[in-house]
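For reference, the structure is listed below as structure tokens.
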Amino acid sequence: MNHFKVFQDALEKTFPSLTVFSDLNWDDVAKEYIAAHDERPTDLDDFTFNFPQFLQDKASDGDCPTYLFELAYFELLQSQILENELILPKEKGLHLNPSLSFLNLEFDVGMMMDEATKGSVQILQRPHVLCLYSHPTRGLHNIEVTTPILETLQLLEEDSLENREAVPKHLQETLQKLIDLGVIVEITN
């Protein structure tokens, strides 16, 4: 297999939705990216990791749709979360799930991808912040970050909390929701 094909296949594997949402010639895009990536990339992980930034630069230049780089960042994060083993804290208390990653998005890329699997390819613009993570027992998930969710997560941003009583009363319902979703891990013993 030739060098170009190996790297093109790596891009297609990591970013499968991009061909669904764009009529760009992906052979040309892959060639341009390979040429811009130190001529002959040697590390596939590094190569795919930098691709969303490449698309963001292309979008800034007006050479591709602006939603493509958001799709690429979304798929890259999904891939990274799935590849990494989730190691949960063992100490008693409330802890942030260590796999949490956040994206500030202008397009609803999650919904776009869901709809595309049903045969309806559409571009949905909706600014929001999305949290992607690995649920301790159910795999890859995401949740939209609302103000109460953000306030609750910020309580745990610097360190874990000993117990639920450390969370203000008005955020207790949100805390329970985040524990149920696996965003916050509660260790009780």
Side-chain angles (χ1 to χ4, degrees), residues 1-86 97-135 139-147 149-150 153-154 157 183:
M1 186 180 286
N2 72 31
H3 175 73
F4 170 74
K5 184 72 172 143
V6 169
F7 287 99
Q8 184 179 22
D9 289 349
L11 290 177
E12 289 175 11
K13 180 182 177 211
T14 306
F15 308 103
S17 73
L18 297 185
T19 57
V20 173
F21 288 95
S22 173
D23 59 358
L24 292 174
N25 181 325
W26 286 99
D27 284 344
D28 291 346
V29 171
K31 286 176 187 171
E32 181 182 346
Y33 180 57
I34 289 169
H37 195 75
D38 297 329
E39 295 178 26
R40 209 174 155 96
T42 55
D43 180 353
L44 280 177
D45 290 337
D46 180 51
F47 180 72
T48 55
F49 180 79
N50 292 308
F51 188 65
Q53 181 62 52
F54 170 77
L55 289 178
Q56 188 170 3
D57 294 343
K58 283 183 73 62
S60 294
D61 294 341
D63 292 338
C64 80
T66 57
Y67 57 83
L68 279 185
F69 72 84
E70 289 192 2
L71 279 164
Y73 279 116
F74 181 79
E75 288 187 313
L76 179 64
L77 272 179
Q78 284 184 315
S79 177
Q80 290 173 334
I81 290 169
L82 289 171
E83 287 175 5
N84 293 314
E85 178 184 357
L86 177 62
N97 179 320
S99 69
L100 296 182
S101 293
F102 297 88
L103 288 173
N104 187 4
L105 301 167
E106 292 298 317
F107 294 88
D108 195 339
V109 295
M111 181 64 76
M112 288 166 56
M113 290 173 64
D114 288 346
E115 290 299 312
T117 62
K118 300 172 191 170
S120 176
V121 176
Q122 50 188 310
I123 308 308
L124 304 170
Q125 190 165 4
R126 185 177 67 82
H128 64 291
V129 175
L130 197 63
C131 172
L132 287 80
Y133 65 99
S134 179
H135 185 281
L140 184 67
H141 281 275
N142 65 64
I143 182 173
E144 187 171 332
V145 178
T146 62
T147 300
I149 288 174
L150 180 61
L153 295 177
Q154 285 175 331
E157 189 174 30
V183 174

From [X] [atom1] over to [Y] [atom2], what is the distance, rounded to the nearest 0.5 angstrom?
X    : Y    : atom1 : atom2 : value
F74  : M112 : CZ    : CE    : 10.5 Å
Q80  : L82  : CD    : CG    : 10.5 Å
D28  : E32  : CG    : CD    : 8.5 Å
L68  : F107 : CG    : CZ    : 9.5 Å
S101 : L103 : OG    : CG    : 7.5 Å
L105 : L71  : CG    : CG    : 9.0 Å

For the student: nearest non-hydrogen atoms of [X] and [Y], plus distance:
X    : Y    : result
T66  : A59  : CA-CB, 3.9 Å
F69  : P52  : CB-O, 3.6 Å
A116 : V121 : CB-CG2, 4.2 Å

Start with the C-alpha distance between V109 and Y73, add both sets of side-chain angles, then the distance that settles side chain to side chain contact (heavy atoms under 4.5 Å, CB included), and finish with yes or no.
-> CA-CA 10 Å; V109 295; Y73 279 116; over 6 Å; no
With a 3.5 Å distance limit and no angle check, can you tell me whether [X] reaches the backbone of [Y] through a side-chain donor-acceptor pair?
X   : Y    : answer
N97 : S99  : yes
S22 : L18  : no
E75 : S17  : yes
Y67 : E106 : no
T14 : L11  : no

Stepwise side chain to side chain contact (heavy atoms under 4.5 Å, CB included) check, Y33 with N50 | CA-CA 10 Å; Y33 180 57; N50 292 308; 3.2 Å; yes
Parallel, tilted or perpendicular: rings of F15 and F51 (30°, 60°) |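 Rings of F51 and F15: tilted, as their planes differ by 30° to 60°.
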Acceptor/donor pairs from residues 122-134 side chains to any protein atom, 3.5 angstrom cut, sequence neighbours excluded:
residue	atom	partner	partner atom	Å
Q122	NE2	S120	OG	2.9
R126	NE	D108	OD2	3.2
R126	NH1	E144	OE1	3.0
R126	NH1	E144	OE2	3.1
R126	NH2	D108	OD2	2.9
R126	NH2	E144	OE1	3.0
H128	ND1	R126	O	2.6
Y133	OH	L181	O	2.7

Please indicate whether D23 has more than 12 foreign heavy atoms, meaning atoms of other residues, nucleotides or ligands, lying under 6.0 Å from its CG.
->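 Not more than 12 within 6.0 Å, no.
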